Amino acid sequence: DSNGTATVTVTADSNGQTFDDTLTVTVVGVDDPPVVVNAIADVNVPEDAPNSTINLSNVFNDVDDDNSSITKTAISSDASLVTVLVTGNTLTLDYQTDQFGTATITVTGTSNGQDANDTFTVTVSGSDDAPVVANPIADVSVTEDADDTELDLSSTFSDVDDDNALITKTAISSDSS
């Protein structure tokens with residue numbers, strides 16, 4: 001984008017006679033918005049992955065302004081899957097525990113009140129988590145020759161991926177006598 005002032009001379013020639021006329025042309029500069037010059041690649045991670053960071057310093061360019069003055073912000077289309085935080089030129093993707101799916105991240109570069117957006121996709125692939133103890137079983141003390149003792153195990157274990165009622169439970173005694 002060019003702007004400034006130029007002097008233009010126009011010469012008329014007729015039968016050997018010439019006449020010059022001079023005019024000034026001024027091209028007034030406009031504030032161009034920033035543009036995306038290095039788009040952010042899509043991100044693919046497994047469930048429960050550690051946070052990722054992305055350097056944003058070379059994503060945007062503004063021909064009218066120093067690129068270091070471009071401010072960056074970001075938003076996630078699904079904060080239950082991945083949250084975003086921009087600190088200076090660093091974008092942090094914080095993957096939420098036991099979540100999987102796809103989210104769209106939009107990063108905005110703003111310069112002199114004008115902006116440009118770069119959008120990319122984050123895909124978190126699911127994994128089958130093992131069940132965990134939700135409610136520990138209390139120790140049991142019984143007298144000799146007592147009737148059998150039944151324990152309700154229905155809420156003892158929890159599986160974030162499956163219906164808890166489908167968890168198979170097996171008990172093994174260290175002394176079967």
Side-chain angles (χ1 to χ4, degrees), residues 1-14 16-132 134 158-164 166:
D1 292 317
S2 298
N3 59 69
T5 303
T7 302
V8 177
T9 302
V10 178
T11 302
D13 184 352
S14 176
Q17 304 271 340
T18 61
F19 179 79
D20 292 337
D21 190 13
T22 304
L23 66 124
T24 302
V25 176
T26 302
V27 177
V28 178
V30 296
D31 187 17
D32 294 304
V35 294
V36 174
V37 291
N38 292 301
I40 301 169
D42 290 343
V43 175
N44 295 293
V45 295
E47 181 180 330
D48 301 325
N51 294 352
S52 300
T53 58
I54 298 172
N55 184 343
L56 301 176
S57 62
N58 293 314
V59 174
F60 302 99
N61 182 49
D62 186 347
V63 296
D64 301 318
D65 201 3
D66 179 13
N67 287 345
S68 66
S69 67
I70 298 173
T71 58
K72 289 96 178 175
T73 57
I75 189 165
S76 171
S77 68
D78 186 354
S80 69
L81 178 66
V82 57
T83 61
V84 293
L85 174 67
V86 176
T87 306
N89 281 318
T90 302
L91 169 64
T92 301
L93 303 175
D94 182 358
Y95 310 107
Q96 302 305 292
T97 304
D98 295 324
Q99 300 297 311
F100 58 92
T102 302
T104 301
I105 309 299
T106 302
V107 179
T108 303
T110 304
S111 178
N112 293 327
Q114 299 189 64
D115 58 44
N117 293 319
D118 184 21
T119 302
F120 64 98
T121 301
V122 171
T123 302
V124 179
S125 56
S127 62
D128 189 12
D129 295 302
V132 296
S158 176
D159 188 340
V160 70
D161 300 312
D162 295 311
D163 181 355
N164 291 340
L166 299 177

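Everything numeric in this text was worked out from a predicted model, so none of it was measured.
- When the side-chain contact (heavy atoms from CB on, under 4.5 Å) test is applied to Thr110, the partners found at least two apart in sequence or on another chain are Thr71, Thr108, Asp115.
- Scanning for side chain to side chain donor-acceptor pair (under 3.5 Å) contacts around Gln96 gives an empty result, with sequence neighbours left out.
- Within a 6.0 Å radius of CZ in Phe120, more than 12 heavy atoms belonging to other residues, nucleotides or ligands are found.
- Listed by chain and residue number, Asp159, Ile167 satisfy the side-chain contact (heavy atoms from CB on, under 4.5 Å) test with Pro131 (two or more places apart in sequence, or in another chain).
- When all heavy atoms of Ser52 and Tyr95 are compared, the pair lying nearest together is OG-OH, 2.8 Å.
- Here Asp118 pairs with nothing under the side chain to side chain donor-acceptor pair (under 3.5 Å) rule; sequence neighbours left out.
- Between Pro34 and Ala116, the shortest heavy-atom distance links the atoms O-CB, 3.2 Å.
- For residues 79-92, the side-chain hydrogen bond (donor to acceptor under 3.5 Å, both in side chains) pairs, not counting sequence neighbours, are Lys72-Asn89, Asp78-Ser80.
- Counting only heavy atoms from C-beta outward, the side chains of Leu85 and Leu91 never approach each other to under 4.5 Å.
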Residues 17-27 side chain polar contacts: donor-acceptor under 3.5 Å, at least two apart:
residue	atom	partner	partner atom	Å
Asp20	OD1	Thr11	OG1	2.6

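- Between Asp62 and Asn67, the closest side-chain pair of non-hydrogen atoms falls below 4.5 Å.
- The side chain to side chain donor-acceptor pair (under 3.5 Å) search around Ser158 returns none, not counting sequence neighbours.
- For the pair Val82/Ile105, a side-chain contact is recorded, criterion being any heavy-atom separation below 4.5 Å from C-beta on.
- Applying the side chain to side chain donor-acceptor pair (under 3.5 Å) test to Ser69 and every residue at least two apart in sequence or in another chain returns Asp65.
- In this structure, OG on Ser111 lies 7.5 Å from CG on Asp64, to the nearest 0.5 angstrom.
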N/O donor-acceptor pairs under 3.5 Å from side chains in residues 38-48, not counting sequence neighbours:
residue	atom	partner	partner atom	Å
Asn38	ND2	Asn58	O	2.6
Asp42	OD1	Thr121	N	2.9
Glu47	OE1	Ser127	N	2.8
Asp48	OD1	Asp98	N	2.7

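- Nearest approach of Phe60 to Val107, heavy atoms of both residues: CZ-O, 3.6 Å.
- In this structure, OG1 in Thr53 is found 12.0 Å from CG in Asp94, a value given to the nearest 0.5 Å.
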